Amino acid sequence: MDCEDNSEIETADTFIKVEAAGPETFKSDPDNIILVPNALDPETMVLHHLAFDAESKTLAVFKYARKVRSEEGSKSSIKGPVGKIEIWGTSPLYRLKQSIFLPGEFSSNEGLAWYKGRLFSCGIHGHIVEYDIEAEKIKKWTPVPGGIKWCLAIDQATGRIAVGSEDGFVIIMQIYDYEIELEKILDRQEDRVLCISWSPDGKKLVTGSPNAVRIWDVKSGQAVDRITIGKVVAKDDTIVWCTAFLDDSTFATGDSKGRVCIWDAKMGVCSETHETKLQQVQCLATAKNKIYCAGVGKQIQVLLKGKEEFSNKWVVGATRTIHTHDVRALAAITDSELVSGGVDSYLVVSRAPPITVNVIPPYRSSDVQISSQKRLFMIRYISSTAVLHLPEDSFSANMLLRFNTSSPITTIGLSEDGNWCALSTVKNAKMFALNCFSSNAKASAELVLLPSSEYKSFKRIQFSQTPGNMAAVFTQKNKIRILTLSYEFKAVTETHVVNLEQGELN
């Protein structure tokens, strides 16, 4: 099946459209021949939430793309937003372990938290979602009363989840081995609940809303204090975006006026107010004698606890400027190590003292595949992948083919000889025989059938470097399947299977 200009390939699970070369070119700096998408490309995923599990030293990263590049009238693009959760190991080095692509209905994520190695989230869909990390998919979802959910926090001692809703409810759920059950609903408040935090002893909750902070007694289900936040401008609401307990009797909040406030939970009064360099404080992270805050602005502000023999007050410390745009999420890994991310889509690990910064780009090395023999390279986007050619003595690359899909692309592959390429989405996988330099000067891709249903979707594909007639596929069932490729007959044959779970070679 030859896929020429604007021809289409459609299956029951996914839709792929292959386009021949157009007038589009990609220019590159002479010192940087390999092209990757810009950090603010429409298909780049913005980093929204971070959650760290100290026991397993695992970091969960939620990314979200509201817009995906599409063509008018084409059904070959993803409809609606795309979400993804990445699971990173943090020790001894930061490494990406799993990626979970979220379908349209569950692409929203407004809260993310760990409990004993299990990952939970909430969002505008109104459910608590649990994830199967190993299988890289949603495990189950539990409906929760109260409409849209804006925040989530887990009491690590008891396994209770507290969720804040658009309708003003705080709902407490109990985590069991195989399910989540409703425990109680606290008294309704008049405004939506935007942030929530448990006290270390599990007896209190603090919630933030427009113009108010509430302290809740969990046992009675009632708010013991409602504290009104003063407005800087009479007509503008002061929105409490984030909150975090420092100890059983003290907590901190960040608001839309760029302030960090320290509160006495027993007395229900503000003991300290600190103006930051941020327009809005939208996230907090706490470590020993430190509070990190970030939000609208590319800085991360650090507050330090004064020494007891001199003062028990907090003071504004150093400012870290390690991002290019707004910072949406913070996570304290240790007392000296902080992870941050935001609109620029970079995951940044900063340590002090001494000050060191490690920037992890939003694209893996596997997102760009290269054929040095034919000077081809293949770039993976969210809903499409492009094959480009870089002519000799030129720094402008010409696009030869683009593959558009209706599901997020998880992995791509390009052979060293430039004759083969493959891509896999969350629903389906395809392999193509390429003809990029034919006599009619129009590139084409021919769909090649894979041997069995085991290839419905795969995690990774690697083509042999020489002579380029073999490939290894890592399937969703944790098997490595070795393929022999025949470019002359446009055929693929399976020769060996390695079962990683049983250690067998068939």
Side-chain angles (χ1 to χ4, degrees), residues 1-26 35 69-71 74-78 366-391 397-425 427-451 455-458 460-464 468-471 473 483-493:
M1 180 178 180
D2 195 24
C3 301
E4 303 247 343
D5 190 22
N6 291 327
S7 61
E8 301 172 348
I9 301 170
E10 189 170 6
T11 71
D13 294 317
T14 190
F15 181 89
I16 298 177
K17 179 181 176 183
V18 186
E19 299 172 344
E24 186 174 5
T25 61
F26 295 76
L35 303 179
R69 184 185 288 112
S70 61
E71 295 180 14
S74 172
K75 62 176 181 177
S76 61
S77 59
I78 297 174
S366 59
D367 291 338
V368 179
Q369 299 288 308
I370 299 174
S371 165
S372 57
Q373 288 185 24
K374 294 186 178 178
R375 297 181 64 86
L376 298 175
F377 56 95
M378 188 177 184
I379 300 177
R380 181 185 74 87
Y381 297 89
I382 296 174
S383 63
S384 65
T385 182
V387 178
L388 300 100
H389 176 243
L390 186 67
N398 302 314
M399 186 173 71
L400 303 179
L401 294 165
R402 181 184 288 276
F403 301 82
N404 295 319
T405 71
S406 60
S407 300
I409 297 174
T410 57
T411 188
I412 59 173
L414 178 67
S415 65
E416 170 61 21
D417 59 14
N419 290 333
W420 299 90
C421 78
L423 63 92
S424 179
T425 71
K427 295 182 178 180
N428 214 332
K430 296 292 178 186
M431 185 175 289
F432 298 91
L434 301 179
N435 185 10
C436 295
F437 301 102
S438 58
S439 57
N440 62 8
K442 184 171 285 189
S444 63
E446 182 175 341
L447 177 65
V448 178
L449 295 179
L450 293 169
Y455 299 91
K456 183 177 181 180
S457 179
F458 48 74
R460 187 75 184 270
I461 183 168
Q462 182 66 50
F463 290 94
S464 61
N469 61 353
M470 297 188 72
V473 174
L483 304 177
T484 299
L485 313 174
S486 172
Y487 186 75
E488 180 183 358
F489 298 102
K490 304 297 186 289
V492 176
T493 306

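Values in this document were obtained by computation on a predicted structure and should not be read as measured data. These values consider heavy atoms only, across backbone and side chains, with no hydrogens, waters or symmetry-generated copies.
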J.: Can you give me the closest heavy-atom contact between Leu485 and Met431, atom names plus distance?
T.: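 The answer is CD2-SD, 4.0 Å.
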J.: Would you say Arg402's side chain and Ser384's backbone share a donor-acceptor pair under 3.5 angstrom?
T.: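 Side chain of Arg402 to backbone of Ser384, a donor-acceptor pair under 3.5 Å: no, none is there.
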J.: What's the separation between atom CD1 in Ile412 and atom CG in Asp367, rounded to the nearest 0.5 Å?
T.: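 The CG atom of Asp367 is 6.5 Å from CD1 of Ile412, to the nearest 0.5 Å.
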J.: Could you check whether any side-chain N or O of Ser457 sits under 3.5 Å from a backbone N or O of Lys427, counting only pairs where one atom can act as donor and the other as acceptor?
T.: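 Looks like no, no N/O pair under 3.5 Å.
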J.: Which atom names give the shortest non-hydrogen contact between Leu414 and Phe377, and what distance separates them?
T.: CD2-CA, 4.1 Å
J.: For Thr411, what residues pass the side-chain hydrogen bond (donor to acceptor under 3.5 Å, both in side chains) criterion, not counting sequence neighbours?
T.: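 Thr411: no side-chain hydrogen bond (donor to acceptor under 3.5 Å, both in side chains) contacts found.
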J.: Quick one, His389 and Cys436 - any side-chain contact, counting heavy atoms below 4.5 Å?
T.: no
J.: Report the residues that fulfil side-chain hydrogen bond (donor to acceptor under 3.5 Å, both in side chains) with Asn419, sequence neighbours left out, ordered by chain and then residue number.
T.: Lys374, Asp417
J.: For a quick test of reading the model, state the closest non-hydrogen atom pair linking Leu434 to Ala445 and the distance between them.
T.: CD2-CB, 3.9 Å
J.: Between Asn435 and Tyr487, is there a side-chain heavy-atom distance shorter than 4.5 Å?
T.: yes
J.: For Leu450 versus Ala429, what's the shortest heavy-atom pair and its separation?
T.: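 Shortest heavy-atom contact: CD1-O, 4.0 Å.
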J.: Would you say that Leu376 contacts Leu400 through its side chain, given a criterion of any heavy-atom pair below 4.5 Å between the two side chains?
T.: yes
J.: Once you round to the nearest 0.5 Å, how far does CG of Leu447 lie from NZ of Lys430?
T.: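 Rounded to the nearest 0.5 Å, the CG-NZ separation comes to 5.0 Å.
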J.: Report yes if the side chains of Pro451 and Val492 come closer than 4.5 Å at any heavy-atom pair, otherwise no.
T.: yes
J.: I'd like to check Thr405 versus Asn428 (side-chain heavy atoms, cut-off strictly below 4.5 Å). Are they in contact?
T.: no
J.: Give a yes or no on whether the backbone of Phe458 and the side-chain of Ser424 come within a donor-acceptor separation of less than 3.5 Å.
T.: yes
J.: Who pairs with Ser372 by side-chain hydrogen bond (donor to acceptor under 3.5 Å, both in side chains), at least two apart in sequence or on another chain?
T.: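 Scan of Ser372 (side-chain hydrogen bond (donor to acceptor under 3.5 Å, both in side chains), adjacent residues dropped) gives Glu416.
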J.: Please report the shortest heavy-atom distance between Arg375 and Pro391, naming the atom on each side.
T.: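 That closest heavy-atom pairing would be NH2-O, 3.4 Å.
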J.: Let me confirm one number: the CD1-OG1 distance from Ile382 to Thr410, rounded to the nearest 0.5 Å.
T.: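 So the gap between those two atoms works out to 13.0 Å.
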J.: Going from CZ on Phe432 to CD on Glu446, what distance comes out if it is rounded to the nearest 0.5 angstrom?
T.: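 These two atoms lie 10.5 Å from each other.
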J.: Could you give the distance from OG (Ser415) to CH2 (Trp420), rounded to the nearest 0.5 Å?
T.: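 Rounded to the nearest 0.5 Å, the OG-CH2 separation comes out at 8.5 Å.
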J.: Of the non-hydrogen atoms in Met378 and Ala422, which two are nearest, and what is the gap between them?
T.: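 For Met378 versus Ala422, the nearest heavy atoms are CE-O, 3.9 Å.
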